[in-house]
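What follows is a short report on a single structure.
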Amino acid sequence: MKTISGKAVVGAIAQGTIVFYQRNDLIISRRKVSDTKRELTRYEKAKSETEQELDSFYEDALERLGEENAQIFVIHKMMLFDAQFDNRIQSLITDSSYNAEYAVARAAIELTRVLANNDSDYVRERTADVRDISERLIRHLLNAQTGEIELKENSIICADSIMPSEAMMFDKTKIAAFCTAAGAENSHASILARSMDLPCIVCMGDELCDELDGKEAIVDGYEGLLFVEPDEITIRRAQDRIKVEQRKHEMLTTLIGEPNVTADGRSVRVCASVYDLSEVESAVSNDAGGIGLFRSESLYIGERVFPDEELLFYNYRRVLEDMNGREVTLLTYDMSAEITADILNMKKEPNPALGYRSIRVCLEQQDIFKTQIRAMLRASVYGKMSIILPLIVDIGEFRHARAIINDVKEQLREEGTAFSEDVKIGVMIETPAAVMTSDLLAKEADFFCIGTNDLEQFTLALDKNNSKYDRIRPENSTALLRMIKLVCDNAHRNGIEVGVCGELASDLSMTEILLQLEVDMLSVMPSRVLPLRKVIRELNLSDEERSKNLISQCLQTR
């Protein structure tokens with residue numbers, strides 16, 4: 001038996017046969033051409049064929065997986081027609097006299113290099129989408145076929161990486177799991193795997209190779225392990241685990257529609273954090289009480305201009321309608337020079353996480369901010385909506401942002417454009433500065449949400465992307481928990497609620513502690529909603545002595 005480890009994306013157990021998927025190699029030569037008009041014509045034809053293909057994928061995904069997941073191919077189409085990407089390809093053809101397939105490949109390499117060097121996981125993971133689009137263009141230019149794969153029942157698809165369009169080509173009824181040597185946790189292919197509810201492991205390295213093709217295997221999507229040619233003990237354990245997980249899932253589904261109330265009667269809001277439109281459907285199916293945090297990065301990552309008001313309005317409206325009256329909290333642009341350097345014509349900063357980013361850009365470049373706020377407010381009539389502002393470090397920033405929002409409201413009133421007057425404005429508490437001024441912010445903000453990932457990073461001076469981070473990070477950081485307690489106390493003294501999002505909210509071992517610190521809402525990935533609900537309903541917070549001891553231990557107050 002051989003065991004290969006990777007990063008778990010979708011937790012589940014599967015047993016089947018490995019089918020190793022390989023793309024047909026593309027041989028791209030660099031040539032100087034004399035007839036650049038002919039090359040441009042070839043490029044435009046390939047672009048048209050790619051567009052038709054993406055439309056076909058969209059329709060297929062729409063039928064099989066729903067509109068939210070089909071939006072992946074709408075994003076790919078936007079990339080295909082991105083002005084700067086398209087102009088760069090045409091420039092390499094007309095100005096440098098390169099052949100069309102080389103021009104596409106080079107433009108794609110330039111764009112992926114920019115994305116790959118980004119500090120944001122989400123941005124880095126968009127490189128797979130750029131490769132998908134460019135490879136599809138090149139295949140049409142070369143009249144090359146995509147790789148073919150013959151699936152049998154319970155096929156474990158293994159590959160170096162899997163592009164979203166490739167995932168759509170596979171027969172879902174025959175797939176047991178996905179495993180990739182590369183890939184990323186939040187790539188579109190991983191999102192599709194979640195939507196298909198299939199076990200998925202990424203980042204497995206070179207050990208995952210074509211020599212494994214045809215071998216029997218077990219995928220442990222919880223631990224991120226692939227057992228090749230498993231022994232009888234491993235098979236028996238896996239089969240037992242599958243039965244246990246099936247029973248657990250059946251038990252969890254009985255919690256759909258049940259309140260998030262502790263055994264002693266305390267009500268807690270459990271919401272979903274959504275990073276992509278495709279995850280909204282999952283939030284609904286897992287019975288989330290709302291969306292505690294909806295990010296907008298997917299609407300502008302890899303683009304050369306910010307989305308216009310109509311595109312933003314369309315997307316925000318869809319989210320609110322899909323949530324059917326459950327509250328949706330929309331996060332305003334959380335951008336940085338790394339993410340939006342091309343759009344904002346900014347130079348790369350040495351430390352973008354601590355530089356010109358997020359609310360700072362919005363307050364300075366108000367046309368971008370106002371466009372987004374207009375779209376949000378217009379969408380607010382289609383459901384219950386709140387707006388939350390990221391990276392606020394000072395009460396003055398909050399007042400400035402709120403004044404801009406009020407200006408937009410006045411413009412809409414003058415135009416006769418409908419919007420809800422009940423939209424709450426909140427603050428993301430994700431810096432020590434926001435924590436230390438939370439007493440002031442609580443007097444003017446409508447609610448808080450603590451972003452524990454960034455707050456922990458800034459507080460402990462640890463980069464979460466650093467490979468040594470997990471080893472250095474203190475367990476149950478006293479500093480972080482004290483900050484959460486301080487924010488909750490300041491909020492409740494002023495009559496507003498506090499939510500927590502980030503990895504800490506999803507850590508079920510921390511649920512009791514967070515509730516003892518008097519957190520009102522927890523926002524987690526959709527798949528964690530029901531497990532979290534189960535934990536909450538089993539807790540009894542009424543034991544004052546236990547509560548006092550737990551808080552004292554966590555905050556080290558004695």
Side-chain angles (χ1 to χ4, degrees), residues 119-123 186 269-276 279 290-298 327-336 338-339 352-355 357-362 386-394 397-398 401 424-438 441-442 445-465 469 473 476-477 479-488 490-491 496-507 510-511 513-514 517-526 528 532:
D119 286 339
S120 166
D121 288 340
Y122 186 92
V123 179
N186 288 311
R269 290 179 61 216
V270 176
C271 297
S273 293
V274 174
Y275 296 87
D276 191 281
E279 295 183 312
I291 292 180
L293 195 68
F294 180 85
R295 308 183 73 94
S296 301
E297 281 92 332
S298 64
E327 187 168 5
V328 174
T329 299
L330 302 177
L331 181 72
T332 61
Y333 286 141
D334 192 13
M335 53 193 156
S336 70
E338 285 289 291
I339 300 175
L354 301 178
R357 57 168 290 208
S358 200
I359 195 66
R360 298 164 187 171
V361 178
C362 291
S386 300
I387 295 173
I388 192 161
L389 306 169
L391 207 72
I392 294 289
V393 298
D394 177 77
E397 285 181 330
F398 177 76
K424 295 179 181 178
I425 310 298
V427 172
M428 279 290 289
I429 305 293
E430 50 191 338
T431 67
V435 172
M436 298 310 296
T437 57
S438 58
L441 290 165
D446 295 317
F447 65 98
F448 287 155
C449 186
I450 303 173
T452 56
N453 291 359
D454 277 344
L455 181 58
E456 183 178 52
Q457 235 189 165
F458 293 136
T459 300
L460 302 180
L462 290 174
D463 179 2
K464 62 185 176 184
N465 294 318
Y469 181 81
R473 175 183 176 270
N476 298 343
S477 165
L480 183 63
L481 295 179
R482 285 187 174 195
M483 286 183 166
I484 293 172
K485 177 61 174 170
L486 177 61
V487 171
C488 289
N490 285 332
I496 66 173
E497 291 190 346
V498 181
V500 168
C501 64
E503 294 175 12
L504 196 66
S506 294
D507 185 347
M510 292 297 295
T511 303
I513 294 172
L514 291 174
L517 296 178
E518 299 188 48
V519 169
D520 303 294
M521 184 275 289
L522 296 169
S523 188
V524 298
M525 65 182 75
R528 302 295 284 174
L532 177 58

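What you see below is based on every heavy atom in this structure, not just the backbone, and it leaves out hydrogens, waters and symmetry mates.
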- In Å, rounded to the nearest 0.5 Å, how long is the span from CD1 of Ile429 to CZ of Phe448? 4.5 Å
- Given the rule in the side-chain contact (heavy atoms from CB on, under 4.5 Å) test, do Met436 and Leu486 qualify, once you have shown the distances and angles that lead to the verdict? CA-CA 8 Å; Met436 298 310 296; Leu486 177 61; 4.1 Å; yes
- Message: What verdict does the side-chain contact (heavy atoms from CB on, under 4.5 Å) test give for Leu391 and Glu430, after you've listed the backbone C-alpha separation in whole Å, the side-chain angles of each residue and the deciding distance to 0.1 Å?
- Response: CA-CA 6 Å; Leu391 207 72; Glu430 50 191 338; 4.1 Å; yes
- Residue pair Met483, Ser438: steps toward the side-chain contact (heavy atoms from CB on, under 4.5 Å) verdict: CA-CA 10 Å; Met483 286 183 166; Ser438 58; over 6 Å; no
- Taking the side chain from Glu397 and the backbone from Val393, do they hold a donor-acceptor pair closer than 3.5 Å? yes
- Message: Please check this pair: side chain of Thr452 against backbone of Cys501, looking for a donor-acceptor N/O pair closer than 3.5 Å.
- Response: yes
- Message: If you define the side chain from C-beta out and look only at heavy atoms, does anything of Met428 sit under 4.5 Å from Thr329?
- Response: no
- Message: If I take atom CG from residue Leu330 and atom CD1 from residue Ile388, how far apart are they, to the nearest 0.5 angstrom?
- Response: 10.5 Å
- Message: If I take atom OG1 from residue Thr437 and atom CG from residue Asn490, how far apart are they, to the nearest 0.5 angstrom?
- Response: 9.5 Å
- Query: So, the side chain of Asp446 versus the backbone of Ile425: is there a donor-acceptor pair under 3.5 Å, distance only?
  - Reply: yes
- Ion pair check, Glu327 and Lys424, cut-off under 4.0 Å: no
- Message: Evaluate Ser477 against Thr459 for side-chain contact (heavy atoms from CB on, under 4.5 Å), listing each step before the verdict.
- Response: CA-CA 10 Å; Ser477 165; Thr459 300; 5.7 Å; no
